[in-house]
Visitor: 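Please see the structure below; I have some questions.
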Amino acid sequence: MAKANKIARVFVPADPRRVTLYVCGPTVYNRAHIGNFRPVIVFDTLFRVLRQTFGAECVLYARNYTDIEDKIIAASQASGQSISALTQKYAGIYAEDAEAVNALPPSLTPWATDHVGDMIAMVTRLVDRGYAYVSAGGVYFHVSGMADYGRLSGRKPGDNEAGARVAVDPDKRDPADFALWKFAKPGEPDEAIWDSPWGRGRPGWHIECSAMAARHLGQTIDIHGGGIDLQFPHHENEIAQSECAHGTEMARFWMHNGFLDMSGEKMSKSLGNVVLLGDLLQDWEGEVIRFAMLSGHYRAPLDWTNALLEQARTTLGRIYGALRRVWLAEGGEAEDRAVLNALEDDLNTPMALAELSRLAGEANAAADRGDEASMATLRAELLAAGALLGLLTKTPAAWEQGGDIEDKVRVDALVQARLDARAAKDWAEADRIREELRAEGIEIMDSAGGSTWRRL
RNA sequence: GGCCCUGUGGCGGAGUGGUGACGCAGCGGAUUGCAAAUCCGUGUACACCGGUUCGAGUCCGGUCGGGGCCUCCA
């Protein structure tokens, strides 16, 4: 189900009683944009599938918080807040945003600064084993000391030199070498400085994930995920550090999500074309955002547009409508595995959503013909599929008629007044009420048994 | 310059070499007091050029286009 080095392989965990997933989490120094939530939603969906397949208690999912880094120090100094206050604040917003798009809390959310000791231990091992060296700027990993460095991204250290974009750094023996430990520079706050065997300073970026993954999930993890941009150099360097320190494979499967695009170009802070999730949530339900995100395959780029969100809302609305019609048919048992099968095939979420739509159509058809047994089965299947996808988490009533309770009473009364008018064949009055409600975005749906309504 | 991904109908987006997923929009029908919702039906889509094959969107080669990484980045 997972893909590594462009070859799809059947996923079998090393230990089905302890399936491990590590995903690179955010650097918490400002508000994350919607693109940053693609891995959150994608790997949350994977987490749900793994829990379904192997049992909820058998899956360990860790997503870290990077709370020490150049930009954090800069943001702290610029804003006058301590590093810890700053990182706590933005980690909190991140967690709230993640919850808003129905992402389950990971099993573990380790913080980098809680693991500096582990990182120092790992760097010590790398120095002792001859994979790292100390120079004027800090401690560096020497990539040419590792025979198969570059195997994840398919590039060798020499490949990158032709572009001449690698900064010349006199502290490094090789341009591709990377920092394991950076010595403190004058003016850096005490909060960003730790003691180490080589001198005061702070860890390099890559080492934290290696240390935290090993600490919490073990030296070899089943699946390591993150954005495609992290494949090189971040994940390549994680592999180098972990495997040279431990002598074991770091991750058995790697999964990288593609970027969100804006007008065909990647969304990124440096390009300035970002949309913040917090802003999006002003206009769209978190579940609509999640549906839109899952409408493309995780590895492919996805163009993030209003049209995509509108279509997601319409389609999800239809599915909720189907769920409404079978809502009272309880006691059914889910038998259809199509959604799970789709997700188990390299997390094919577009296929899974297609199957979800198919279930909705079947539910509506069953409701049309009054087939109670099928309705009960389809209700259970819709909910089971929704649980896998992180969708259909609300009741149909809450989805369609949620909001102000007093307003709901008012609308209910108007709908009833229209029903009375219809009973009296006062079509003019019935249509007037219908138009009045439509003008405020409320749609009336008639059926043989009565009328219901929903907000559009 | 190196490495890599990608090009499907009006739009989004799947697709294991063998009668055109799925959704949105459109059109026709059923239903409806009329609508909406719902159901049913409906589309000479696979960038281009060669090749392999009984048969290719699906494999191979090439051309053109789009994108990503090589620098912080989901």
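Values below: all heavy atoms of this structure, side chains included; hydrogens, waters and symmetry mates excluded. Protein chains get the first letters and strands the later ones, always in sequence-line order, with residue 1 at the start of each.
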Visitor: Whether A:Asn257 contacts B:rA74 is assessed here as follows: a side-chain N or O lying under 4.0 Å from the phosphate OP1 or OP2. Is that the case?
Guide: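 It does not, given that no N or O in the side chain of A:Asn257 lies less than 4.0 Å from OP1 or OP2 of B:rA74.
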Visitor: Rounded to whole angstrom, note down the P distance from B:rC40 over to B:rC24.
Guide: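 B:rC40 and B:rC24 have their P atoms separated by 12 Å.
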Visitor: Let's see if you can work this out: which of B:rC34, B:rG23, B:rU38 has an atom nearest to the side-chain heavy atoms of A:Asp368?
Guide: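 The answer is B:rU38.
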Visitor: Considering only the P atoms, how many Å lie between B:rA21 and B:rA47, rounded to the nearest integer?
Guide: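 The same atom, P, in both gives a distance of 16 Å.
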Visitor: For A:Arg369 and B:rA30, give me the distance from atom CZ to atom P, rounded to whole Å.
Guide: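 About 21 Å, once rounded to whole Å.
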Visitor: Under 4.0 angstrom, heavy atoms only, what part of the nucleic acid is A:Gly35 near: base, sugar-phosphate, or nothing?
Guide: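 If one applies the 4.0 Å heavy-atom cut-off, A:Gly35 turns out to touch a base.
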Visitor: Touch check for A:Ile444, heavy atoms < 4.0 angstrom, all strands: base, sugar-phosphate only, or nothing?
Guide: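 Base, at least one base atom sits under 4.0 Å.
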Visitor: Scan A:Leu353 against the nucleic acid and name what it touches under 4.0 Å (heavy atoms): base, sugar-phosphate only, or nothing.
Guide: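 No contact.
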Visitor: If you look at every strand shown and take non-hydrogen atoms under 4.0 Å, does A:Asp70 touch a base, only sugar-phosphate, or nothing?
Guide: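 Counting heavy atoms under 4.0 Å across all strands, no contact is made by A:Asp70.
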Visitor: For A:Val28, does its backbone N or O pair with a side-chain atom of A:Asp67 as donor and acceptor, under 3.5 Å?
Guide: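 No, because the side chain of A:Asp67 does not come within donor-acceptor range (under 3.5 Å) of the backbone of A:Val28.
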Visitor: Side-chain N or O of A:Lys266 versus OP1/OP2 of B:rA74: is the shortest distance under 4.0 Å?
Guide: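 No, because none of the side-chain N or O atoms of A:Lys266 sits under 4.0 Å from OP1 or OP2 of B:rA74.
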Visitor: If I pick the C1' atom on B:rG28 and the same atom on B:rG43, what distance separates them, to the nearest angstrom?
Guide: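 13 Å, rounded to whole Å.
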Visitor: Using a heavy-atom cut-off of 4.0 Å across all strands, would you classify A:Gly361 as base, sugar-phosphate, or nothing?
Guide: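 Touches sugar-phosphate only.
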Visitor: Name the nucleic acid region contacted by A:Arg432, choosing base, sugar-phosphate or nothing; use a 4.0 angstrom heavy-atom cut-off, strictly under.
Guide: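 Contact class for A:Arg432: none.
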Visitor: For A:Asp97 and B:rA74, give me the distance from atom CG to atom C1', rounded to whole Å.
Guide: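 Distance check: A:Asp97 CG to B:rA74 C1' gives 14 Å.
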Visitor: Does this structure show an ion pair linking A:Glu443 with A:Arg438, if we count only N-O contacts that are shorter than 4.0 Å?
Guide: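 Between A:Arg438 and A:Glu443 there is a salt bridge, with a charged N closer than 4.0 Å to a carboxylate O.
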Visitor: A:Asn348 side chain N/O closer than 4.0 Å to the phosphate oxygens (OP1, OP2) of B:rG15?
Guide: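 Affirmative; the distance criterion is met.
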Visitor: Under 4.0 Å between a side-chain N or O of A:Asn36 and OP1 or OP2 of B:rA74?
Guide: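 For B:rA74, OP1/OP2 do have a side-chain N/O of A:Asn36 under 4.0 Å.
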Visitor: Does B:rG7 have a Watson-Crick or wobble partner in any strand here, with both distances under 3.5 angstrom, and which is it?
Guide: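 Answer to the pairing question: B:rC64, which forms a Watson-Crick or G-U pair with B:rG7.
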Visitor: Looking at A:Trp453, I'd like to know whether one of its side-chain N or O atoms comes within less than 4.0 Å of OP1 or OP2 on B:rA37.
Guide: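 For B:rA37, neither OP1 nor OP2 has a side-chain N or O of A:Trp453 closer than 4.0 Å.
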Visitor: For A:Asp171, does its backbone N or O pair with a side-chain atom of A:Ser135 as donor and acceptor, under 3.5 Å?
Guide: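 Confirmed, A:Ser135 side chain pairs with A:Asp171 backbone.
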Visitor: Expressed in angstrom and rounded to an integer, what is the separation of A:Arg38 atom CZ from B:rG68 atom P?
Guide: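 One finds 14 Å between P of B:rG68 and CZ of A:Arg38, rounded.
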Visitor: Check every strand shown and say whether A:Arg358 touches a base, only sugar-phosphate, or nothing at a heavy-atom separation below 4.0 Å.
Guide: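 The answer is nothing, as A:Arg358 stays clear of every strand by at least 4.0 Å.
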Visitor: After noting the C-alpha distance and the side-chain angles of A:His206 and A:Phe178, does the key distance pass the ring pair (Phe, Tyr, Trp, His ring centres under 6.0 Å) rule?
Guide: CA-CA 9 Å; A:His206 313 295; A:Phe178 57 91; 5.3 Å; yes
Visitor: Please check if the number of heavy atoms outside A:Glu436 that lie under 6.0 Å from its CD is greater than 12.
Guide: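 Atom CD in A:Glu436 is crowded, with more than 12 foreign heavy atoms closer than 6.0 Å.
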Visitor: How is A:His33 classified with respect to the nucleic acid when contacts are heavy atoms under 4.0 Å: base, sugar-phosphate, or nothing?
Guide: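 Base: the residue A:His33, judged by heavy atoms under 4.0 Å, touches a nucleobase.
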Visitor: What distance, rounded to whole Å, do you find between the two P atoms, one in B:rG23 and one in B:rU42?
Guide: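 Going atom to atom, P in each nucleotide, I get 13 Å.
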Visitor: How close do A:Asn257 and A:Pro39 get, counting heavy atoms only, and between which atoms?
Guide: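 Scanning both residues completely, I find the closest heavy atoms to be OD1-CB, 3.3 Å.
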Visitor: For A:Gln311 and B:rG26, give me the distance from atom CD to atom P, rounded to whole Å.
Guide: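 After rounding, the gap between these two atoms is 12 Å.
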Visitor: Return the pairing partner of B:rG41 with a 3.5 Å limit on both distances, Watson-Crick or G-U wobble; otherwise return none.
Guide: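 Partner of B:rG41: B:rC27.
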Visitor: Quick one: is B:rC3 close enough that its OP1 or OP2 comes under 4.0 Å of any side-chain N or O from A:Arg151?
Guide: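 Checking A:Arg151 against B:rC3: no side-chain N or O falls below 4.0 Å of OP1 or OP2.
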